[in-house]
Amino acid sequence: MPECVKTMSQAEREIHLMTAQQQTTQTQVVNRAKELLADGTVARVLGWKAGELPYAPQPAYFEKEEDLEEFVYNGFCGANLSKYMIEASKLDGKTLVCLKPCDTYSFRQLMKEHRVDREKAYIIGVGCKGKLDIEKIKAQGIKGIQSIQGAERTDDADTLTIQTLYGERTCAYADVMLERCHVCKGKEHMIFDELIGESRDTKDRDRFAQVKEIEAMTPGERFAFFQKELSRCIRCNACRNVCPACSCRKCVFDSSQFDSAQKANADPFEEKMFHIIRAFHVAGRCTDCGECSRVCPQGIPLHLFNRKFIKDINEFYGEYQAGADLEPRGPLTSYVFEDVEPGIVAERG
Amino acid sequence: MTAQKKQAEQIKEISGVNPLKCMKCGKCSASCPSYNEMDIKPHQFVSYVINEDIEALVHSKSLWKCLSCFACIERCPRDVKPGKLIDAARQLVVRKKGGDYLSPDEMAQLLDPEIPQQLLVSAFRRYRR
Amino acid sequence: MSIEAKEEFRPKIVAFCCNWCSYAGADLAGSSRLSYPADVKIIRVPCSCRVNPMFILRAFEKGADGVIICGCHPGDCHYTTGNFYARRRMTLLFSMLDFIGVESGRTRVEWVSAAEGVKFSATMNEFVEKIRSLGKNVRLEDLRCQNV
Amino acid sequence: MQRVGVFVCHCGSNIAATVDVKKVAEMALMEPGVVHAEDYQYMCSEAGQARIQEAIREKQLTGIVVCSCSPRMHETTFRTAAQRAGLNPYMVEIANIREHCSWIHKDMEEATKKAVLLMRAAVAKVNLNTPLRPGESRVTKRALVIGGGIAGIQTALDIADAGYEVDIVEKTPSIGGRMSQLDKTFPTLDCSACILTPKMVEANAHERITIYTYSEVEKVTGFVGDFTVDIRKKARSVDMNKCTGCGVCQEKCPSKKTPSEFNRGLSTRSAIYTPFAQAIPNVPVIDREHCIKFQTGKCGVCAKVCQAGAIDYEQKDEIITQKYGAIVVATGFDMIRLDDYDEYAYSQSKDVVTSLELERIMNAAGPTKGHLERLSDGKAPKEIVFIQCVGSRCADNRGKSYCSKICCMYTAKHAMLIRDKYPDVNVTVFYIDVRTPGKNFDEFYRRAVEEYGVNYIKGQVGKVIPQPDGRLLVQGVDLIDNRQILKEADMVVLAAAIEPDPDVRKIATMLTASIDTNNFLTEAHAKLRPVESPTAGIFLSGVCQGPKDIPETVSQAGAAAVKAIGLLAKDKLLTNPCTAHSDELLCNGCSQCANVCPYGAISYEDRQVNDHGIREVRRIAVVNDALCQGCGACTVTCPSGAMDLQGFSNRQILAEVDALCR
């Protein structure tokens, strides 16, 4: 497949990806960024630039106005940039960062944990009407993709037009959205300096439907399900690297304290252990941004772990959304006398 | 296991009572309305079971003098409840005799105005299980 | 292995006991000669809130068949609040283990005070019984150890 | 690599009878790091400790494992021994092979196997131990006594006499407690007030004692040597500085229908009141719930009649915050409620009374001015029946499982006093056992029988039936005669069980002092440390620890005082070195740990770090050693493992887990 892409020039790609509305959001951001760079308000811009493939833009820094020509913003800009602000907070001067509504939850959570410096960020809340999952497009049997039109959703045009080596194909936008967009947290930005572009709440599914489905299985079935999913894990650490909550300077799994340093999985339990502990460490802090599942090269539905914790937290300790407030205590760092006993797990069966 | 020991175990099992919890306060005997009719007194029932002297117990008059009023069960501070022991001993005897139980339906036909009410009530209490 | 399989199953059970209540409760069970199976081995921790989920998973990985955490009764923690946090952590962790298909009976939290030797012994007897009925923990252990 | 010595104790036959100690020592030698292993009869003995010290010196041991009894028993002993031989005391680990092994297992092979595992875990841990040094913390030279009964008064007097400041907090309007309600005391029949009042006066006059009556402890923070306590002084509505204690307000108060707490509800009192004549302080309080002024706004008689102008309706609760080095709990007891004991007709007949009510009836200042009479009709009783163990020694949930200890003696006292004053009254006592351990106690009981002709019957009462003529039919049993007894009586006295004051649970929670299922505070050791709570700096005085009579209470009060004085006499305390520490290279500075720290011991600072060549300023968690108590809550909250607990580190605990699962 990569060969087909290679045949396209950079210019062609850009043209294909542009639509009227997207031009507006992207161009607006670029224009505003240029202004802010020019007047010295910000020292750099954190956004996305086009990648090797038409559907894989990458997070990127832009330090000069002319670099911004490469800036893109479209339906494939799913990447949550808030984690990059940890490093950007250490740099001199402000960084302009583009955050989608759901990314702002992560940013706020990081603020709460003193990991990012609000003063060092100039936040442009970019509009979002749902982001796309290339795997889902491919799963529709669409191969040899050359370019995609309608990747940034405008008004109510709900169709993607895809140019392939085998001709033009179309698919419904809603069918190929990222999983997280189906359970959208809402179109409001939790924090921003200014807003550009329109957002839409794309929620059309029960956030916990999948978790409930698994809960309804027998323990044996559940075990088999996760055994099958997790046995694909290659411990590439992509989930860990992308996760805004998983932002330790040094992961415990890389530290000598737990004898787990830089070790290949020795047994099938270890990858379970890694994912359980990872989910546990982010429990009460995970905003459910879904980046872990998005980046997993093996397509493991890692967000299920986080969502199970979120569901339990909501049920046991009351509704909680990480990053929705700046309250320092989360569900695992607070308690009430009447909390449920751990025995509830066994009682529930 | 001797026959006596076996019977003692049976009584403990049927009644669910641990006679060793008894502190010999005598509140059962103090509460018993049939005390004067009994040859073996309610508090003594406990030591008979502890000493595994079940033969004497099942042949005692007391077995059939107990009204099952449950006063001793209600008031026993040690959760020993001699009434249950007495009831269990009675069951041993009844089972041995071939288990001629009555069902509550049959009882209506056998009703005799001469039968004391208390006996009826106690019978119901005993057999409704 | 076949010979071993025929032997009576003796589970490996790790009990994390807080120093102030449950460890003392276990001591009291000992000085009162209230027996419980030798399968239970106690690790002393200052407080139930010192128990890291890592320790529990590690125990399972190394072949434990059951893990029990004992602490002061809620409200009676020597450090005031430790067991409240432990309670939330363990509730969520146990729920997760249950979610991935590990039998929920293999993990347990029990509050045992320094005066509750009887409860400690009864709890351990009960827990061992439960683990025996669940059998060997094949879902979590390090499979490399199986035939050694 | 450590050089570890393993010492296996036989504890006489306590361990050796069920654990093959030689085998344990033998197996120890196969463990990594172990260079020495031996077994001995009594490791805690002087000879045993000498062997340990010799081995430390000769084999240059860097760590030792003692396989013996619980570390709660002898950890300090062995640490001190090791220290004297030049080893850091925190290089000592105990494998508890007695309480957790030999005493609970019967099969030798099984127990030995477990003992070996426990030894291995301890060796695995000690291999990772590092020498630790305790820090120091200061001691506030002031003690708090919670409860102003005889226990609290005695403790406060003893501490104050030793030269330390003491505050007494008492929830009722006066100190004195239960003892002030008693008429006479056994076994010498002293008048209770005659011996108590001088102590109350002494405490009140003592220059180093401050008494807060009508006050409660609201909040306790801190730790041994440095507690901070909030005391709520409830609004008395009377200015303590102005009041002269003339008593006119109480006389004139139009609201006089409130049951008197002091007389156990057998008489009434005014809304503004002092509980009894000798009350200290002799300053009344307004019971706002029953005061007409507070309830309707119209009255104010007391303010009008008060010459001193001491009445202050506007007074508000006041919070006093004070620092203390030691806290003594002396919260005392009450009698259980008898609602569940219908068979004794307590709620049906006024002539069925509890023993404490009888004390008030017998007392000259009581509701009948000391005349023994029936409360129903005021007639003199001719026949009195006492029933023992009402609610004591119960296995059911109506009563208490324990023996209340004081009832046998006070019943003998009551019987004797009645027979002495009213020789024509017949007194019968139904008992299960008569328990009289104590100096001159059995002699006292025998006098009641032999000299005073009190009729003791071995057997319980099943039922008390009020008769139409007002008398009481008592149905009991005489187990010696094997005969049921039906006896008509004019009065029945119930020796109701005593229970700790219900407020003690709240206080125990504030103090993090452990408490048992009966609400008695737990002592640090049942035999060897009976007046200390397991929580450092908290001491126990009187019935809050277990049922006691007055002589015992007073001696325990003195003992608690001595323990508190021993603490206050120190200028500095060594702090537990098993505290949390954060690794600056791993710390994210995320503030999660501070959220769960109960002591506020964690703060954050921006610090220059050198992380493998990367120099930068990072926000790092810093633990204050003096405040950290070592619970470990922070270590689990820390996702990166930067926060670790000395003495119970992640690696140490994992090593134990590994060893036990091996």
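So you know, we letter chains A, B, ... as the sequences are listed, proteins then strands, and number each from 1. Here the structure is a predicted model, which is why all the values come from computation and not from measurement.
When each of D:Arg483, D:Gln484, D:Gln460 is scored by its heavy-atom pairs under 4.5 Å with chain B, the top score falls to D:Gln484. Most heavy-atom pairs under 4.5 Å with chain B: of the set D:Glu343, D:Gln388, D:Arg398, this distinction falls to D:Glu343. Heavy-atom pairs under 4.5 Å with chain B were tallied for D:Ile432, D:Leu479, D:Asn482; the largest tally goes to D:Asn482.
Proximity to chain D is limited to the backbone of B:Glu74, based on heavy atoms less than 4.5 angstrom apart. Residue B:Cys32 touches chain D through both its backbone and its side chain, counting heavy-atom pairs closer than 4.5 Å.
Between D:Leu372 and D:Met362, the closest side-chain pair of non-hydrogen atoms falls below 4.5 Å. By the 4.5 Å heavy-atom criterion applied to side chains, D:Val477 and B:Lys41 are not counted as neighbours.
For the pairing with D:Phe386, the side chain to side chain contact (heavy atoms under 4.5 Å, CB included) check across D:Ile457, D:Leu358, D:Leu494 returns one residue only, D:Leu358.
Ring geometry for D:Phe444 against D:Phe186 counts as tilted: the plane angle lies between 30° and 60°, on a 0 to 90° scale.
Atoms CD1 and CG, from B:Ile73 and B:Asp87 in turn, are 7.5 Å apart once rounded to the nearest 0.5 Å.
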